[in-house]
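One structure below.
No hydrogens, no waters, no symmetry mates; every other heavy atom, side chains included, goes into these values.
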Amino acid sequence: MKRPKFRLSDARKRYHIFYLLTLFLMLVLAGRLFQVQVLEGTKWARITEDQMTNSIRRNTPRGRIVDRNGEELAVSIMVHSLYVNPKEMNETPAALKGKKDGRGTAEVAAEKLAPVLHMDRDGLYKDFTLKGQFLWIKRMLEPPEYEAVQKVIKENDLPGLHFIEESKRYYTKKSMAAQVLGFVGTDDSGLSGLELALDSVLKGAETRQVKRVDAMGRTLAGSEGDPSDTKEKPMVATVYLTIDSKMQFVIEDALDDAMKRTHAQGAAIIIMDPHTGAVLAMGSRPTFDPNNFGQFPAKNWLNRAVSMIYEPGSVFKPIVGCMGLSEGIITPTTPIRDDGRIQIADRVIQNWDGTGMGTVPFEDVIKYSINTGMVQVGMQLGAQREIDWARKFGFGKATGIELPSEEDGILYNPKDMYKPDIATFAIGQGIAVTPLQELRAICAIANGGELLQPYIIDRIVAPNGEVIRKGEKKVVRNVITPEVAAQMRAMMEKVVSEGGGKTARIKGYRIAGKTGTAQKISEYGGYAAGQYIASFVGFVPADKPQYAMLVVLDNPRGAFYGSQVSAPVFRDTLQQILVAKGIQPSNSEGLPSFEGGATRDRDLPSLMPQDGSWILPEFKGLDARTIAKILATGRLTLEPYGSGTAYEQEPAAGTAVKPGSKVEVWFR
């Protein structure tokens with residue numbers, strides 16, 4: 001076979017082909033390089049930067065919420081949060097061979113940390129073996145928890161686990177005023193209450209902390225910089241509330257006691273300054289601890305003082321009475337015939353006890369809560385005037401207080417009201433109100449006729465001390481004349497001194513008030529059998545009101561009349577507050593001590609003078625009125641907690657205190 005003859009031209013062809021291919025590849029590479037470095041240089045630089053850095057965003061501390069006197073209610077503290085860089089923790093099969101038990105770091109870490117963090121072991125292991133460079137494990141560790149995790153990491157030489165400081169919201173009084181304050185989530189956003197309503201005011205600035213890492217995700221030495229990329233915020237303010245912590249403590253204690261005694265489904269108490277509209281205390285039950293809000297059902301977060309709507313029942317009668325007085329339909333002495341029952345169209349309306357009192361003046365209709373008398377006033381008013389006046393008193397529309405989730409309540413359209421609707425409206429049925437709406441309307445009677453805008457923010461103060469917002473009295477309208485208000489105050493005082501509200505009496509003080517018991521509306525329509533709303537509303541002193549208060553108990557078990565369950569709560573709560581605030585009784589003749597136990601003056605301990613100060617005696621076993629009397633001799637003020645007899649005091653006995661100081665005493 002003849003071999004092919006080698007030709008130089010073939011070699012040249014191969015050379016040229018190889019040359020052209022090489023040149024083509026070089027041009028492609030050069031073009032790609034130009035594209036990457038020039039045309040897309042910014043894009044790839046950003047991707048490279050992202051791969052080489054770990055970025056963690058966090059918020060600086062939120063502003064404080066304090067009471068009217070500056071006592072802290074909500075503050076932010078710095079705590080540690082735990083995160084993992086799985087790239088640092090994951091190990092190669094070759095590295096695992098060197099382990100004594102053949103277990104990897106992720107497995108050991110999951111096993112050791114699960115009981116400390118109270119988390120699932122398998123879930124932790126899954127997190128530790130994910131791809132990526134950053135994953136939160138647990139936010140906002142409590143100090144003991146942080147120390148325990150630190151110990152586990154150190155003892156087991158666990159890589160990839162890191163801490164970062166974050167701001168955590170802390171509520172100093174735990175569940176006190178929980179629904180008012182609300183709470184924040186782990187992203188530092190307000191989720192309820194004032195934390196939600198004032199989130200833009202309270203929220204701190206957001207910062208970003210950057211760390212450089214190598215290809216394995218390990219932090220490069222010296223690369224942990226200071227927080228950067230701060231979203232500027234000019235100031236984080238402090239919010240001062242109108243709430244008085246001492247009063248709040250008293251109503252919280254009263255709510256807990258009432259819930260325990262009556263087994264009520266829920267409850268609310270509000271105290272207002274009737275002359276300004278400032279809310280001095282506001283409580284709701286059931287409650288929760290905002291430090292651990294997730295451990296409580298969502299229904300506990302509800303602020304019943306502004307979100308609960310209910311038929312008010314007889315506490316609405318003074319308001320209808322003011323309508324009749326203003327329209328000239330009645331006077332306090334107008335005779336009203338009471339036969340115990342009255343028929344309006346096809347509806348028969350009875351008094352609470354089914355009995356009649358014959359002919360009585362209208363003031364007795366209020367004093368004894370006579371349904372038949374109120375129905376007669378309502379029928380003379382008519383549907384249009386009833387609803388128009390209800391709107392004037394602020395019903396059917398949210399008050400506008402600075403709290404979220406406030407309800408409007410419900411009012412009839414007068415065109416839709418039949419005669420029985422007109423009649424029952426006059427006894428507090430067929431209208432749905434919130435506790436705050438009811439108390440605001442009663443405050444108009446207490447202050448001489450002004451319907452006020454309720455408010456709970458006293459002032460908002462910038463870090464430099466500048467007041468950037470101030471709460472103040474705002475008159476919505478003059479709803480009744482001072483003369484009508486004075487007439488109704490006198491009638492409401494007789495409710496407590498002579499009528500159905502005697503259980504609210506505080507000896508020596510002039511109290512004006514009104515009881516109320518209303519059937520609960522069923523979710524299926526009509527009324528729920530055997531379920532009631534028991535309430536009491538009033539103010540003190542009756543002639544010169546300083547405090548107005550409403551107590552509402554939702555579906556108490558056993559006794560359910562307002563006079564039985566709500567009026568005593570009103571009485572016991574105000575007793576403590578009146579003594580604490582130094583409001584003297586109108587008549588102290590023969591007045592027993594605060595809790596009813598008489599103490600002779602010669603048996604009392606006394607203050608001992610020393611260099612312009614007073615040496616405190618031992619107060620154990622004494623009642624609040626007696627202690628207040630002793631302290632008054634040295635111009636000292638009592639701050640009481642609880643009721644009964646004293647068992648603890650601060651400062652302790654034997655301590656020297658200056659005139660004008662406050663002495664805290666706990667009672668049980």
Side-chain angles (χ1 to χ4, degrees), residues 62-76 169-185 189-202 237-256 259 266-273 276-293 296 298-308 398-407 434-440 453-460 469 471 547-552 573 577:
R62 289 171 73 87
R64 298 183 307 148
I65 302 177
V66 301
D67 83 339
R68 66 190 300 114
N69 300 310
E71 190 166 340
E72 290 181 334
L73 302 175
V75 297
S76 288
R169 204 59 161 167
Y170 178 62
Y171 300 91
T172 60
K173 310 292 185 183
K174 296 185 178 179
S175 63
M176 193 172 91
Q179 292 87 357
V180 171
L181 297 173
F183 52 84
V184 299
S189 294
L191 299 179
S192 76
L194 288 171
E195 295 281 22
L196 172 61
L198 300 177
D199 194 48
S200 60
V201 173
L202 293 166
T238 296
V239 176
Y240 285 78
L241 304 184
T242 57
I243 294 289
D244 183 314
S245 288
K246 308 305 179 187
M247 288 190 182
Q248 188 71 30
F249 178 91
V250 172
I251 71 160
E252 299 275 353
D253 188 55
L255 280 166
D256 288 336
M259 292 289 286
I269 294 179
I270 313 171
I271 301 177
M272 283 179 65
D273 182 334
T276 66
V279 174
L280 304 175
M282 178 182 282
S284 180
R285 289 297 182 275
T287 190
F288 68 101
D289 183 351
N291 293 301
N292 304 291
F293 64 89
F296 297 83
K299 67 178 183 179
N300 290 32
W301 307 342
L302 180 70
N303 186 352
R304 289 172 176 261
V306 299
S307 300
M308 171 187 178
T399 68
I401 194 170
E402 305 94 334
L403 294 168
S405 304
E406 185 185 13
E407 293 286 349
T434 68
L436 185 60
Q437 287 175 336
E438 173 66 28
L439 183 59
R440 174 169 77 151
Q453 168 74 55
Y455 65 99
I456 202 166
I457 297 172
D458 182 64
R459 60 193 185 277
I460 299 176
R469 174 177 167 185
Y547 303 119
M549 180 175 173
L550 172 68
V551 179
V552 180
T573 303
I577 291 171

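- Separating the OG1 atom in Thr434 from the CD atom in Glu438 is a distance of 9.0 Å, to the nearest 0.5 Å.
- Between Leu550 and Ile269 there is no side-chain heavy-atom pair separated by less than 4.5 Å.
- With respect to Ile456, the side-chain contact (heavy atoms from CB on, under 4.5 Å) criterion is satisfied by exactly one of Ile243, Val239, Val306: Ile243.
- A pairwise comparison of heavy atoms in Pro290 and Ser175 identifies CD-CA, 4.2 Å as the closest pair.
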I would like to know whether Leu302 and Gln179 meet side-chain contact (heavy atoms from CB on, under 4.5 Å); could you show each step before the answer?
-> CA-CA 6 Å; Leu302 180 70; Gln179 292 87 357; 5.9 Å; no

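- Looking at heavy atoms from C-beta onward, Arg304 lies out of side-chain contact with Arg285 at the 4.5 angstrom threshold.
- In this structure, OH on Tyr547 lies 8.0 Å from CG on Asp273, to the nearest 0.5 angstrom.
- Proximity of a side-chain donor or acceptor of Glu252 to a complementary backbone N or O of Phe249 within less than 3.5 Å is not detected.
- The backbone N or O of Thr399 lies less than 3.5 Å from a partner atom in the side chain of Glu406, making a donor-acceptor pair.
- Taking both residues in full, the closest heavy atoms of Ile251 and Gly283 are given as CD1-N, 3.4 Å, listed atom of the first, atom of the second, then distance.
- Nearest heavy atoms, Lys174 versus Asn291: CA-ND2, 3.9 Å.
- With values rounded to the nearest 0.5 angstrom, Ile460 atom CD1 is found 5.5 Å from Leu198 atom CG.
- Here the shortest heavy-atom pairing between Leu202 and Ala237 reads CD2-O, 4.2 Å.
- Lys246 and Asp67 are not joined by a salt bridge, as no carboxylate oxygen comes within less than 4.0 angstrom of a charged side-chain nitrogen.
- Contact check for Leu280 versus Met549: no side-chain heavy atoms found under the 4.5 Å cut-off.
- With hydrogens and angles ignored, the 3.5 Å screen pairs no side-chain donor or acceptor of Asn69 with any backbone N or O of Glu71.
- Remark: Glu407 CD to Ser307 OG distance equals 6.0 Å, nearest 0.5 Å.
- With contacts defined as side-chain heavy-atom distances shorter than 4.5 Å, the pair Glu195/Tyr171 qualifies.
- Checking side-chain atoms of Gln248 against main-chain N and O of Met282 turns up a donor-acceptor pair under 3.5 Å.
- Counting heavy atoms from C-beta on, the side chains of Leu241 and Leu181 come closer than 4.5 Å.
- What you find for Pro286 and Gly266 is that their closest heavy atoms are CD-CA, 4.3 Å.
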Check the pair Leu436, Met272 against side-chain contact (heavy atoms from CB on, under 4.5 Å), reporting the backbone distance first and the verdict last.
-> CA-CA 9 Å; Leu436 185 60; Met272 283 179 65; 3.9 Å; yes

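- How far CD of Glu72 is from CZ of Arg64: 5.0 Å, rounded to the nearest 0.5 Å.
- The side-chain heavy atoms of Leu73 and Lys173, taken from C-beta on, include a pair separated by under 4.5 Å.
- In terms of heavy atoms, Pro435 sits closest to Met308 at CD-O, 3.3 Å.
- Rounding to the nearest 0.5 angstrom, the gap separating the CG atom in Leu403 from the OH atom in Tyr455 is 14.0 Å.
- When the ring-ring contact (aromatic ring centres under 6.0 Å, His included) test is applied to Phe183, the partners found at least two apart in sequence or on another chain are Phe288, Phe293, Trp301.
- The closest donor-acceptor contact from the side chain of Thr242 to the backbone of Ala278 lies at 3.5 Å or more, if one exists at all.
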Does the side-chain contact (heavy atoms from CB on, under 4.5 Å) test come out yes or no for Val180 and Val279, once each step is laid out?
-> CA-CA 11 Å; Val180 171; Val279 174; over 6 Å; no

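- At least one side-chain heavy atom of Val250 sits under 4.5 Å from a side-chain heavy atom of Thr573.
- The shortest distance between side-chain heavy atoms of Val551 and Leu255 does not fall below 4.5 Å.
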